[in-house]
Amino acid sequence: MNATKNYTNLKIAKLLRKIAAAYTLLGENRFKVIAYDNAATAVEHATSELKDLWDDGKLGAIPGLGSSIQSHLEELFKTGKSRHFDSILKKINPAVFPLLDVPGIGPKKAQKLVETLHIKSARSVLSGLEKATKEHKIAAIPDFGEKSEQDILEGIERFKRGSIKEKRMVLPLADATANELIDYLHQKLGRLAKRIDKLGSLRRQAATIGDIDLAIATNDFAAATEAFTSYPKKVRLIEKGPSGASLLLASGRQADMRVSRPDDYGAMLQYFTGSKYHNIRLRDFALKNGLSLNEYGIKNVKTGKLHTFSTEEDFYHFLCLDFIPPELREDAGEIDAAKDHALPGLIELQDVKGDLQMHSNFDLDTSHDPGNNSIKELREAGEQLSYDYVGITNHNPSTSKHTKEQIIAKLKSQTKIIEQINSTTKNTRVLSLLEVDISPDGSLTVPDEGLENLDACLVSIHSVFNMSKDQMTKRILKGFSHPVARILAHPTGRLLEQREGYELDWEQVFHFCLEHDKALEINCYPNRLDLPDVLVREAVKKGVKLSLGTDSHVKEDLVNMRYGVSVARRGWAEKKDIINTWSYARILDWLHKRI
DNA sequence: GCCGTTTTCGGCCCGACTGTTTTCAGTCG
């Protein structure tokens with residue numbers, strides 16, 4: 001058992017990529033190499049741990065893992081090693097593999113470098129290579145030159161910076177950074193820019209973003225490039241070509257811009273929005289119909305005629321597909337659904353009638369951070385957004401500082417204030433909620449009498465994260481089974497780029513929610529976005545209800561709702577899946593259920 | 001090595017860029 005414990009999906013994916021690189025160097029059939037690369041990607045994208053799938057005999061459910069790779073993984077899980085993988089890796093100098101993470105170095109270059117420089121160990125390879133570049137030994141190697149020597153040095157430095165702090169931007173930060181740049185470009189270019197759009201993972205609204213990619217539709221490439229490269233907030237210009245340019249931003253990330261004529265802007269937008277795997281699947285689909293796709297349009301393979309498209313809608317329709325919203329382009333069945341006219345009608349921001357998590361400064365002397373604004377101010381902020389209701393979800397009063405009676409008294413006084421506020425308005429109503437900690441033993445940190453007068457409560461984990469999957473599932477379901485607990489807040493506990501979430505048995509959690517008519521939260525806070533999109537998809541498939549909460553601690557953060565909506569959309573959620581789309585009367589009725 | 005409403009055999013996405021070269025291999029997205 002212990003031997004197999006460490007095979008996380010991340011590690012398996014890395015192993016499969018190493019095998020792919022090794023096969024490249026051993027001169028194996030290149031499609032075999034691609035197969036291993038694809039398998040690695042499939043593992044990275046898997047929604048469950050492979051080890052768990054294997055336990056359940058469901059390893060075959062991952063597309064890209066055929067019988068051969070499955071059998072090797074099986075051996076790995078059973079015995080802690082794979083003789084087949086080991087025998088392949090043994091043939092390659094181990095110093096090759098760390099270099100594959102350096103930008104610009106692939107298997108072939110890595111091999112050539114370590115051989116020429118006589119580097120033998122994985123541990124010393126980076127420092128050895130760095131030393132060699134400084135002694136100008138690289139330029140002398142055949143097929144390398146002055147420029148590649150510099151590139152390698154830069155690559156190593158980038159890698160070193162990256163390995164210390166390889167942080168992607170959380171979606172809201174990337175979005176804000178991009179919007180600022182887009183505003184600047186609109187102002188600078190005026191009517192010369194017919195359109196400016198985000199591209200890549202940012203347009204697909206992924207939870208974290210690497211580089212910021214933009215597209216400009218214009219007939220004046222030179223003006224667009226000039227405007228972009230003279231962006232005052234750039235740290236430096238990285239490169240500039242006839243149809244685009246790249247800048248380094250203060251965050252350490254790049255901003256890439258591409259220009260295209262309005263007539264073929266649709267194909268360009270489609271191509272660079274990705275994802276890579278969506279595009280690969282789409283090209284495969286197109287080829288079967290005699291069509292070849294590229295960033296300029298769609299080519300008829302037989303006649304060679306290129307069709308161009310000013311919009312993405314036309315591009316997809318030409319392929320006899322419904323338009324696929326960017327959030328769905330992850331090769332998760334969206335192309336088949338588009339063919340069958342079975343894409344979901346995704347939830348929109350304007351469908352949202354209220355926000356179900358925010359923290360006020362009401363004096364509850366809480367266990368965790370209180371908010372900055374009064375309940376009244378938060379209600380007004382909700383009114384500004386035309387909400388029908390806002391749910392005040394202060395943390396429970398600290399249990400160490402108060403007696404049971406004090407906790408009950410504090411909660412009663414808050415309920416009174418909320419009743420008072422509600423009596424003065426018929427517009428945006430305040431829901432009297434509470435975010436209650438689930439203790440390690442599964443009990444709630446508020447006595448039942450304190451929960452009585454609430455509309456409902458959210459429950460969540462804020463301490464003792466290091467429990468086994470089994471224990472944590474039991475803990476959460478015990479706390480969640482309290483009749484007043486209607487919503488499980490930030491269900492995985494992850495903090496993007498900071499902390500992995502705890503593991504849960506999701507089958508059990510989903511089943512529990514369905515059985516007791518309870519909801520899972522999609523927390524919209526920038527570094528949570530929790531539930532993650534892939535779990536939203538699973539929940540939606542099963543019919544589990546979802547709630548949106550910004551978890552705001554200042555009233556300005558209520559606008560983060562749109563990022564939660566993005567997560568919901570990436571999980572194929574429709575209006576009917578999200579309880580925040582309900583009227584005040586209906587949500588109140590649902591919150592008051594005691595099951 | 002994977003995969004299948006054209007296929008259990010014979011295919012497997014597409015093009016740009018770069019550097020080092022005189023026609024292309026390697027890498028990337």
Side-chain angles (χ1 to χ4, degrees), chain A residues 16-17 19-43 59-60 62-73 84-85 88 99-113 138-152 154-155 158 199-202 204 210-211 213 215 238-246 254 256 258 260 267-268 270-299 301 306 319 329 331 335-336 339-340:
Chain A
L16 294 172
R17 288 211 195 281
I19 301 290
Y23 270 149
T24 305
L25 296 173
L26 294 169
E28 259 293 357
N29 177 333
R30 68 189 180 95
F31 292 110
K32 200 163 163 179
V33 174
I34 291 171
Y36 268 91
D37 251 334
N38 288 342
T41 304
V43 173
L59 212 48
I62 308 253
L65 294 187
S67 56
S68 170
I69 295 182
Q70 276 184 52
S71 73
H72 300 315
L73 291 181
H84 178 66
F85 290 163
I88 296 164
L99 292 186
L100 300 179
D101 291 332
V102 177
I105 299 185
K108 306 253 172 123
K109 282 189 183 176
Q111 166 122 312
K112 200 158 210 172
L113 286 168
I138 305 289
I141 304 174
D143 289 335
F144 289 81
E146 290 285 336
K147 186 67 170 64
S148 27
E149 185 167 274
Q150 269 192 1
D151 287 349
I152 286 171
E154 250 176 60
R158 240 181 104 175
L199 298 169
S201 53
L202 183 53
R204 301 196 312 276
D211 295 334
D213 297 317
I238 294 173
E239 61 180 5
K240 180 175 157 178
S243 61
S246 297
Q254 255 176 255
D256 300 330
R258 293 166 203 281
S260 165
M268 203 272 282
Q270 196 289 320
Y271 182 89
F272 286 108
T273 295
S275 68
K276 183 181 167 186
Y277 307 104
H278 171 80
N279 284 356
I280 288 174
R281 181 78 62 181
L282 195 65
R283 290 201 191 95
D284 184 47
F285 170 79
L287 264 186
K288 285 179 177 140
N289 296 301
L291 300 168
S292 168
L293 312 181
N294 63 36
E295 60 189 278
Y296 305 109
I298 300 177
K299 198 167 70 182
V301 176
L306 182 78
L319 296 169
R329 300 183 198 169
D331 186 23
I335 292 170
D336 281 342
K339 192 175 60 185
D340 300 339

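Below, each value reflects all heavy atoms present in this structure, side chains not excepted, and no hydrogens, waters or symmetry copies. Proteins come first, then strands; the chains are lettered A, B, ... in the order of their sequence lines, and each starts at number 1. Here the structure is a predicted model, which means the values were calculated and not measured.
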**Message:** Can you identify which nucleotide, out of B:dG1, B:dA16, B:dG29, has its nearest atom closest to the A:Y271 side chain?
**Reply:** B:dG29

**Prompt:** In terms of side-chain heavy atoms of A:S67, which of B:dC14, B:dA16, B:dC2 is nearest?
**Reply:** B:dC2

**Request:** Rounded to the nearest angstrom, tell me the gap between atom CG in A:L65 and atom P in B:dG1.
**Result:** 13 Å

**Prompt:** Given atom CZ of A:R17 and atom P of B:dG1, what is their separation to the nearest angstrom?
**Reply:** 18 Å

**Request:** Choose from B:dT20, B:dG29, B:dG26 the nucleotide whose nearest atom is closest to any side-chain atom of A:K147.
**Result:** B:dT20

**Request:** Look at the side chain of A:L287 and decide which nucleotide, out of B:dG15, B:dG1, B:dC13, has an atom nearest to it.
**Result:** B:dC13

**Request:** For A:G200, answer base if it contacts any base atom (sugar-phosphate contacts may also be present), sugar-phosphate if it contacts only those atoms, and nothing otherwise; contact means non-hydrogen atoms under 4.0 Å.
**Result:** nothing

**Asked** Of all the nucleotides listed (B:dC2, B:dC3, B:dG15), which has the minimum atom distance to the side chain of A:P63?
**Response** B:dC3

**Request:** Quickly work out the A:D143 CG to B:dA25 P distance and round it to whole Å.
**Result:** 11 Å

**Rounded distance in Å - CG (A:L306) to C1' (B:dG15)** = 13 Å

**Asked** From B:dT27, B:dC14, B:dC2, pick the nucleotide closest to the side chain of A:K109?
**Response** B:dT27

**Fill in**
Regarding the side chain of A:S148, the nearest nucleotide among B:dG19, B:dC13, B:dT7 is B:dG19

